[in-house]
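Take a look at this one; I'll ask things after.
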Amino acid sequence: MLRIAVPNKGSLSGPAAEMLHEAGYQQRRESKELRIVDPVNEVEFFYLRPRDIAIYVASGQLDIGLTGRDLLIDSGADAEEILALGFARSTFHYAGKPGTISGLADLAGKTVATSYEGIVAAHLADHGIDASVVHLDGAVETAIQLGVAQVIADVVETGTSLRNAGLEVVGEPIMKSEAVVIRRTGADGDDPKVHQFLRRLQGVLVARTYVMMDYDCRVEQLEKAVALTPGLESPTVSPLHNEGWVAVRAMVPAKEAQRIMDDLYDIGARAILTTAIHACRL
């Protein structure tokens, strides 16, 4: 069986389970379950702390895992990213008191507090900055107020928490993260079970990105309509009972669907419908 590590809690857990369910895999019914077997798909899932997943995968005891890019890099484990999953996105920044730090060079000689010591230490080393790094498990915003550090490095979403703590973002992002699929570095790249698993997840990603659009249009407007809805290879075009009309079907990006519907209507298309895609293979 393919042995897969899945986050057991936190912001990664729910979306990961939802994606696996959409990909056709059985998931646990209770949060206390640490291991389940999906015999139909020949997969065994292990529910682990997100921070530990890269370590388990790197050991070779588990074939692949779902975790955050940030956690993978911070762990220093001998594992690699093989597919980005598009959820749990975050951005890492340095932050300090207003007016105290203007750029990366000002971090020299300072102490940086963070929950991601591996990421920060590597970033500072890559830029030749000699600074100390202090590891804290959470609430790093208070580190400056309590005199533990002069700078923090943390996930920044809206910046509200930083402003409430009297801090501001400094410089460019350290890194951008999201949920990813990982495997041990140097693992067999031709494993058919791994390829099947990745195809299923890629199918979910495509299904979430596109919708199926159907509409009727006059034959003389078909070329304009097809230009608006080219599909992935080509749209499906079928003649209607009424002469001079055709039915068209094509996949279109979900975020552009409303604009495309407006444009189709303007050139005379009618009965324009969109439907969700629940699964696909490209």
Side-chain angles (χ1 to χ4, degrees), residues 6-7 11-27 38 40-41 43 64 66 68-69 81-91 156-159 173 176-181 192-282:
V6 183
S11 61
L12 290 166
S13 178
E18 182 179 355
M19 175 169 278
L20 291 169
H21 176 72
E22 290 181 31
Y25 293 103
Q26 179 183 335
Q27 289 297 286
D38 182 349
V40 174
N41 293 299
V43 173
I64 52 181
L66 279 66
R69 181 180 296 131
E81 173 184 334
I82 56 175
L83 179 66
L85 298 177
F87 64 86
R89 288 190 171 102
S90 59
T91 304
V156 177
E157 295 179 357
T158 64
K176 292 186 177 181
S177 180
E178 64 182 293
V180 297
V181 180
K193 292 182 179 179
V194 172
H195 283 304
Q196 182 188 64
F197 180 78
L198 294 177
R199 280 197 303 271
R200 287 197 181 192
L201 295 189
Q202 288 167 335
V204 172
L205 291 172
V206 173
R208 290 178 173 182
T209 305
Y210 288 85
V211 294
M212 188 65 72
M213 185 169 290
D214 294 88
Y215 59 90
D216 301 337
C217 77
R218 299 284 305 177
V219 172
E220 56 265 28
Q221 297 298 328
L222 181 58
E223 290 306 314
K224 291 182 179 179
V226 168
L228 293 170
T229 59
L232 297 186
E233 279 84 23
S234 177
T236 300
V237 180
S238 305
L240 292 178
H241 179 70
N242 289 341
E243 187 175 352
W245 284 82
V246 292
V248 183
R249 162 169 280 202
M251 289 173 62
V252 302
K255 64 182 180 180
E256 298 178 20
Q258 292 295 333
R259 177 190 59 78
I260 293 172
M261 293 174 77
D262 290 338
D263 291 344
L264 286 171
Y265 191 88
D266 289 342
I267 65 171
R270 295 295 182 265
I272 309 169
L273 307 174
T274 61
T275 52
I277 301 170
H278 296 290
C280 71
R281 297 289 185 276
L282 298 182

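Because only heavy atoms are used, hydrogens play no part in the values below, and waters and symmetry mates are left out as well, while side chains stay in.
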Residues pairing under side-chain hydrogen bond (donor to acceptor under 3.5 Å, both in side chains) where one sits in residues 262-282, two or more places apart or in two chains, turn out to be Arg259-Asp263

Output for pair (Leu85 CG, Leu201 CG), nearest 0.5 Å, gives 6.0 Å

Those residues at least two apart in sequence (or on a different chain) that pass side chain to side chain donor-acceptor pair (under 3.5 Å) with Glu18 are none

Residues passing the side-chain contact (heavy atoms from CB on, under 4.5 Å) test with Glu81, sequence neighbours excluded, are Arg69, Leu72, Ala84, Val180

Residues passing the side-chain contact (heavy atoms from CB on, under 4.5 Å) test with Leu240, sequence neighbours excluded, are Asp216, Trp245, Ala247

side-chain hydrogen bond (donor to acceptor under 3.5 Å, both in side chains) pairs touching residues 227-241, sequence neighbours excluded, are Tyr215-Thr229

The side chain to side chain donor-acceptor pair (under 3.5 Å) partners of Arg218 (sequence neighbours excluded) come to Glu220

Is atom NE2 of His195 surrounded by more than 12 heavy atoms (other residues, nucleotides or ligands) closer than 6.0 Å?
-> yes

Side chain to side chain donor-acceptor pair (under 3.5 Å) filter on Gln27, not counting sequence neighbours, yields Tyr47

Residue pairs meeting side-chain hydrogen bond (donor to acceptor under 3.5 Å, both in side chains), one or both in residues 196-213, sequence neighbours left out, come to Glu22-Arg208, Asn41-Arg200

Could you check whether atom NZ of Lys224 has more than 12 heavy atoms from other residues, nucleotides or ligands sitting under 6.0 Å from it? no

Contacts satisfying salt bridge (charged side-chain N to carboxylate O under 4.0 Å, His left out) that involve residues 243-255 (not counting sequence neighbours) are Asp214-Arg249

Residue set satisfying side-chain contact (heavy atoms from CB on, under 4.5 Å) with Pro173, at least two apart, ordered chain then number -> Thr91, His93

Taken to the nearest 0.5 Å, the spacing of Leu228 CG from Met213 CE works out to 9.5 Å

